[in-house]
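Quick note on labels: first sequence line is chain A, next is B, and so on, each numbered from 1.
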Amino acid sequence: MRALGIAVALASLAATAHAAKQEDAQAALADARQAEAQAASYGNRWLPAEAALKAAQDALAKQAWDDAIAQANRAKALAQRAVEQSRDQEARWRDAVIR
Amino acid sequence: MPSTIRVRAMASGTQTDVQALIQHPMDSGFVKDSNGVLIPPRHIETVTFEHDGKPVLIADWGPAVSKDPYIKFAFKGGAKGDTLTVTWIDNQGKTDSLEAKIA
Amino acid sequence: MSLRRAIAVVLTGLLLGGAAPGALDTDNPQAEQAAFQAYFKNRFPSLPIAEFGNGPYAVNADMRKQWEEIMQFPPYDFALDEGKTAFETKFADGKSYADCFENGGIGVRQNFPYFDTKAGEVVTLDLAINRCRQANGEKPLPYQTGLMVSLTAYMAETSRGRPFDIKIPDDPRALAAYEDGKRYFYTRRGQLNFSCASCHVTAAGQRMRADILAPALGILAAFPIYRSEWGSMGTIDRRFTTCSSQMRSEPLDPQDKSYRNLEYFLSYMSNGVPISGPGTRP
Amino acid sequence: MHPTSAPMSNATRRETLRILALLGMAGIAGTARAASAPGWPDDAFHQKTMPDAVNALYGKPFEASDKVTLDVPEIAENGAVVPVNVGTTLPNVTTISILVPENPFTLAASYKLPDGTLPAIGCRLKMAKTSDVVAIVESDGKLFAATKNVKVTLGGCGG
């Protein structure tokens, strides 16, 4: 009977860890989407950011939480870079204009 | 269905200069379409040009001939108003032919 | 003028202009057009204005030789015939494209795109064709390839040799469209961090691997084009979308406002360059 | 003008593979050989080296000759459409063939010229990557060839 108890305890431990990982993945994906939406507002979505976001969604669907988190973070980083680029260019594009 | 063959044949007294353009995909069999499926090979194998019932050129083509293939050559003789018959056959047995007038 | 007065003048200039005198960019399209064309004439002094409609072939001899060879019997010949036939085919309601365009649509391509003051937006040739179809109960055509490219190929051919003649009417919305196109042209985007100007101004005439970068002046004159790369014809939309994705930037939809304004800016800058479409390109 | 980017080994290798896929010469697909058009030298068109292709087509050797003119670009604007013009001053020319050793199948095109047809051919070929282009002219039963190299690479900055 004891062995069974331990097994159950271990299983539930794994389950909670599993659930925690799932939440992390979903949170990471939400952040990435939010960053990408901001890039979109500047009309400057990057294809690699889109690809990473899609990879994150696929990983989430396959419950590959670590992969989903990694891809989501990558998408977020790329999207943030796009936003920085847009802000920088809003101020400086006129410097390039032929006069 | 408009012909897949465009011919410009100009007689200049001693010879006839011929240019032809053929509408054909010339698929080599190695290209994948947008969802990664191999497009089967489909390319013209022979093109025959005939004047006065005699061949003036026979072209044997492999898959390395460009899409919408082009050819330029000339033959002695041929006069304005003569007929130049152009026929192609591809590796799937499809074919087309055109009787062009020499200008 | 004494130093003190000079400083006063500069200061007032700054206050009024709100920007450093150097950047007197108060949307004066004529002045910018002159500066734009002068820039390219200095970069390529030996080129007559007409040559700028031949893109890479105007600035590279080896490429030009291959172009001249292909132009003996260009692969767009089929699209051209399809376009002519379609242009002359009546719609179900008995009308045809000729009824939608001035001069029956013959020799008018150089006036496109124009600013439609009623609709308050830039109308490109492709958009005008679809508007004509819809006005006569026909379905609009897809934008990047197919019949749209054949129709515009035929209309371009009827305008060959006629210089671009793009107008900016005295309408703040037209000026805004021009400004928006200019902004798009000079703004860096996508992971490669290029703007249109990075390649077609700064690096015009240089190689990008096998490609020669065409100068921006007259860059739209040869459209629609048969690209060996595509093995088929493409409109300006197809070129804008493929170029966007090469910059690893999400392409916009065909005939998106930004693309139309970009075409408006580029065409206006190319006033005087004759139409050379339809064309062939690498 | 030499392409500006310095050649990097793996980039060049990756690039070549991309071009092969792009131009459709990625590998030797087992092409089911439907019945070929009559007279089409099926075997010759399926050889992968110069000696095999020439042997299958002609069954005799060729020699270089400056009497064969081969007009090809130095750098192809696009490997999918490479203009090729072959001419010669040699007499009694009966065939002209064009071969591209670096293509998966070496023989690209072969032309039979009946009596009275001028010994000159213009056409447009696909080239998978940088390669020699060899034009062979058969004159009085002997084979004479001209060879030129054509550089082929991808255009643009890559997707």
Side-chain angles (χ1 to χ4, degrees), chain B residues 12 14-22 25-33 36 38-78 87-95, chain D residues 20-42 44-47 53 57 78-86 95-100 103-128:
Chain B
S12 62
T14 57
Q15 68 184 47
T16 300
D17 295 299
V18 180
Q19 288 181 307
L21 191 75
I22 302 174
M26 298 301 281
D27 292 322
S28 57
F30 307 121
V31 181
K32 291 194 171 69
D33 60 20
L38 215 51
I39 301 170
R42 186 183 157 214
H43 63 84
I44 291 173
E45 289 184 341
T46 60
V47 187
T48 315
F49 294 81
E50 278 164 10
H51 170 254
D52 269 351
K54 304 202 285 27
V56 286
L57 187 75
I58 298 165
D60 293 325
W61 283 345
V65 173
S66 296
K67 179 178 187 292
D68 297 333
Y70 164 80
I71 186 163
K72 180 167 84 173
F73 73 102
F75 64 92
K76 290 201 179 74
T87 309
W88 60 258
I89 307 167
D90 72 17
N91 63 320
Q92 292 180 1
K94 294 190 174 67
T95 182
Chain D
L20 285 180
L22 187 72
L23 290 174
M25 309 284 177
I28 315 300
T31 46
R33 290 194 191 148
S36 308
W40 189 66
D42 189 310
F45 274 107
H46 287 90
Q47 298 310 317
L57 191 60
N78 191 299
V81 183
V82 180
V84 175
N85 280 289
V86 183
T95 68
I96 294 179
S97 301
I98 304 169
L99 303 97
V100 182
N103 273 357
F105 293 132
T106 301
L107 179 61
S110 178
Y111 300 87
K112 298 178 182 116
L113 288 73
D115 195 22
T117 297
L118 283 84
I121 289 286
C123 61
R124 296 167 189 165
L125 300 183
K126 296 184 224 173
M127 289 179 65

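With values rounded to the nearest 0.5 angstrom, Arg124(D) atom CZ is found 11.0 Å from Ile71(B) atom CD1. A distance of 11.5 Å separates CD1 in Ile58(B) from OG1 in Thr95(D), rounded to the nearest 0.5 Å.
Considering only heavy-atom pairs separated by less than 4.5 Å from chain B, the leading option among Ser97(D), Pro119(D), Ala109(D) is Ala109(D). Residue with the most contacts toward chain D among Gly77(B), Pro40(B), Ala59(B): Ala59(B) (heavy-atom pairs, distance under 4.5 Å).
Residues from residues 47-56 of chain B that place a non-hydrogen atom less than 4.5 Å from a non-hydrogen atom of chain D comprise Pro55(B), Val56(B), given in numerical order.
Between Trp61(B) and Tyr111(D), the ring planes lie perpendicular to each other; the angle is over 60°, past the 30° to 60° tilted range.
Shortest non-hydrogen contact noted between Lys126(D) and Lys67(B) is CE-N, 4.2 Å. Of all heavy-atom pairs spanning Thr46(B) and Ala37(D), the tightest one is OG1-CB, 3.6 Å. Across Trp40(D) and Glu45(B), no two heavy atoms sit closer than the pair CD1-O, 3.2 Å. The two residues Pro63(B) and Phe105(D) come nearest to each other via the heavy atoms CG-CD1, 4.2 Å. The two residues Ser66(B) and Ala80(D) have their closest heavy-atom pair at OG-O, 2.8 Å. The two residues Gly39(D) and Asp60(B) come nearest to each other via the heavy atoms O-OD2, 4.0 Å.
Under a 3.5 Å cut-off, the side chain of Thr117(D) and the backbone N or O of Leu57(B) do not form any donor-acceptor pair.
The closest side-chain heavy-atom distance from Ile121(D) to Lys72(B) is not below 4.5 Å. Under the 4.5 Å side-chain criterion, counting only non-hydrogen atoms from C-beta, Leu118(D) is in contact with Lys76(B).
Neither the backbone nor the side chain of Gln19(B) comes within contact range of chain D; no heavy atoms are under 4.5 Å apart. For Ala120(D), the part lying under 4.5 angstrom from a heavy atom of chain B is the backbone only. Heavy atoms closer than 4.5 Å to chain B are found in the backbone of Val82(D), but not in its side chain.
Residues that satisfy the side-chain hydrogen bond (donor to acceptor under 3.5 Å, both in side chains) test with Asn85(D), not counting sequence neighbours, are Glu69(C).
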